[in-house]
Amino acid sequence: SIALLTRDPPKLQSFADGWQSLPLRGANAIAQAIDAATRVRNNLFHGGKHTPEAEPGRDEQLVRAALTLLVALV
């Protein structure tokens, strides 16, 4: 899950610039994966839900990886 979330992190949606690829925050892979999981949550509840260029199934993979990470952290 950490590899999936950090290798190709979810994009951030900006109303001015559309979907942007920005580096993840965090000093290590776990912190970066938490930042990516936060993006997944924000995109799910506040964003446009998906990017048009996203490969089929990517959204579900990201949600599952974020859930797996959160359960492991708890």
Side-chain angles (χ1 to χ4, degrees):
S1 292
I2 290 172
L4 177 67
L5 290 167
T6 58
R7 175 180 60 235
D8 186 18
K11 294 181 179 181
L12 290 173
Q13 186 177 24
S14 164
F15 289 108
D17 301 319
W19 291 96
Q20 299 177 328
S21 296
L22 296 174
L24 293 169
R25 295 174 294 175
N28 57 49
I30 294 173
Q32 291 174 351
I34 292 169
D35 187 41
T38 302
R39 288 185 188 181
V40 171
R41 183 255 180 225
N42 290 345
N43 289 345
L44 181 63
F45 289 102
H46 300 293
K49 311 302 183 249
H50 66 279
T51 58
E53 68 273 4
E55 60 189 64
R58 176 170 161 75
D59 294 335
E60 184 175 345
Q61 290 174 341
L62 288 171
V63 170
R64 288 183 186 278
L67 285 172
T68 299
L69 175 67
L70 293 174
V71 167
L73 290 170
V74 170

Atom pairs and distances, donor-acceptor, side-chain atoms in residues 60-74, under 3.5 Å, two or more places apart:
from  : atom 1 : to    : atom 2 : distance (Å)
Glu60 : OE2    : Arg64 : NE     : 2.9
Glu60 : OE2    : Arg64 : NH2    : 2.9
Thr68 : OG1    : Arg64 : O      : 2.9

Report summary line: Checking Asn42, Val40, Thr38 against Pro10 for side-chain contact (heavy atoms from CB on, under 4.5 Å), the one that qualifies is Val40
Requested in this report: Taking all non-hydrogen atoms of both residues into account, name the closest pair between Leu5 and Ala33 and its distance.
Outcome: CD1-O, 3.9 Å
Report summary line: Heavy atoms of Trp19 and Lys11 approach each other most closely as CZ3-O, 3.6 Å
Requested in this report: Kindly determine whether Arg58 and Asp8 satisfy side-chain contact (heavy atoms from CB on, under 4.5 Å), including the steps that lead there.
Outcome: CA-CA 10 Å; Arg58 176 170 161 75; Asp8 186 18; 3.7 Å; yes
Query raised in the report: Under the 4.5 Å side-chain heavy-atom rule for ILVMFWY, direct or indirect, which residues accompany Leu22?
Result: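 Once heavy-atom contacts under 4.5 Å are chained together, Leu22 belongs with Leu12.
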**Report entry** Pairs satisfying side chain to side chain donor-acceptor pair (under 3.5 Å), at least one member in residues 24-37, at least two apart
**Finding:** Arg25-Asp35
